[in-house]
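Remember, predicted model here, so these are calculated numbers, not experimental data.
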Amino acid sequence: DAKTTQPPSMDCAEGRAANLPCNHSTISGNEYVYWYRQIHSQGPQYIIHGLKNNETNEMASLIITEDRKSSTLILPHATLRDTAVYYCIVRVAGVGTSGSRLTFGEGTQLTVNP
Amino acid sequence: EPEVTQTPSHQVTQMGQEVILRCVPISNHLYFYWYRQILGQKVEFLVSFYNNEISEKSEIFDDQFSVERPDGSNFTLKIRSTKLEDSAMYFCASSAAETQYFGPGTRLLVL
């Protein structure tokens with residue numbers, strides 16, 4: 001799986017959009033970008049994933065650049081409860097890959113301030 | 001919304017003792033996983049399990065560890081003879097396909 005690079009920490013004001021970047025310059029064509037977050041030693045929580053198109057769900061939006069070498073997770077209206085470590089994980093997906101590991105890096109500590 | 005559950009939430013044990021950590025995966029999921037996180041460190045993959053056998057394991061998952069699906073709902077991780085360095089949060093996860101959903105974890109403290 002391709003390596004990812006994320007800033008170690010970011011701050012955001014409550015109510016504002018939080019934009020978390022991730023670089024994955026060695027991503028392959030069959031690798032997806034997954035985002036998870038971990039709130040203070042709780043279990044990692046799935047947020048969103050995508051291959052090449054932008055994705056949106058009730059939690060967040062994922063913007064993937066056209067060359068797929070980087071992506072941004074957007075929390076449109078951050079709240080204090082969004083304070084967490086956010087992990088960007090690149091992973092092969094498709095037939096025969098279910099059951100394979102997730103490799104977590106250090107992630108980005110997002111702190112939402114009142 | 002269905003979720004992965006784990007018991008106990010906390011476990012304290014003496015070095016050398018056996019522990020069993022329990023997980024109830026999401027009911028229609030077929031793939032099961034264990035991860036661990038030592039305090040202050042990254043989340044690390046231990047093992048994945050499908051169709052009643054291990055499908056992948058990491059170098060951490062040595063002979064001291066074993067996994068089992070004893071019935072249709074539970075998935076367990078056994079550590080045969082615990083060491084001090086086994087102290088960590090242990091997370092169970094399950095998936096129907098690629099997207100894994102994690103439980104809240106069991107905090108294991110080995111004294």
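A:Asp67 CG: more than 12 foreign heavy atoms inside a 6.0 Å radius.
Heavy atoms closer than 4.5 Å to chain B are found in the side chain of A:Gln38, but not in its backbone. No part of B:Tyr50 comes within reach of chain A, as not one of its non-hydrogen atoms sits under 4.5 angstrom from that chain. No part of B:Ser94 comes within reach of chain A, as not one of its non-hydrogen atoms sits under 4.5 angstrom from that chain.
Distance alone, capped at 3.5 Å, places no donor-acceptor pair between the B:Gln100 side chain and the A:Arg101 backbone. With B:Tyr35 contributing its side chain and A:Leu102 its backbone, the two residues share a donor-acceptor pair below 3.5 Å.
Between B:Glu98 and A:His49 there is no side-chain heavy-atom pair separated by less than 4.5 Å.
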Carefully, step by step, assess A:Tyr34 and B:Thr99 under the rule side chain to side chain contact (heavy atoms under 4.5 Å, CB included). CA-CA 9 Å; A:Tyr34 278 79; B:Thr99 300; 3.6 Å; yes
Between B:Phe91 and A:Gln42, does the side chain to side chain contact (heavy atoms under 4.5 Å, CB included) criterion hold? Intermediate values first, please. CA-CA 9 Å; B:Phe91 297 110; A:Gln42 295 177 23; 5.9 Å; no
Test side chain to side chain contact (heavy atoms under 4.5 Å, CB included) on B:Arg107 and A:Ser41 and set out the steps. CA-CA 10 Å; B:Arg107 184 176 298 280; A:Ser41 296; 4.0 Å; yes
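Heavy-atom pairs under 4.5 Å with chain A were tallied for B:Gln37, B:Gln41, B:Gln6, B:Glu44; the largest tally goes to B:Gln37. Ranked by non-hydrogen atom pairs under 4.5 Å with chain A, the options B:Tyr33, B:Phe49, B:Phe32 are led by B:Tyr33.
Note: B:Phe102 and A:Tyr46 fail the aromatic proximity criterion, with ring centroids not under 6.0 Å apart.
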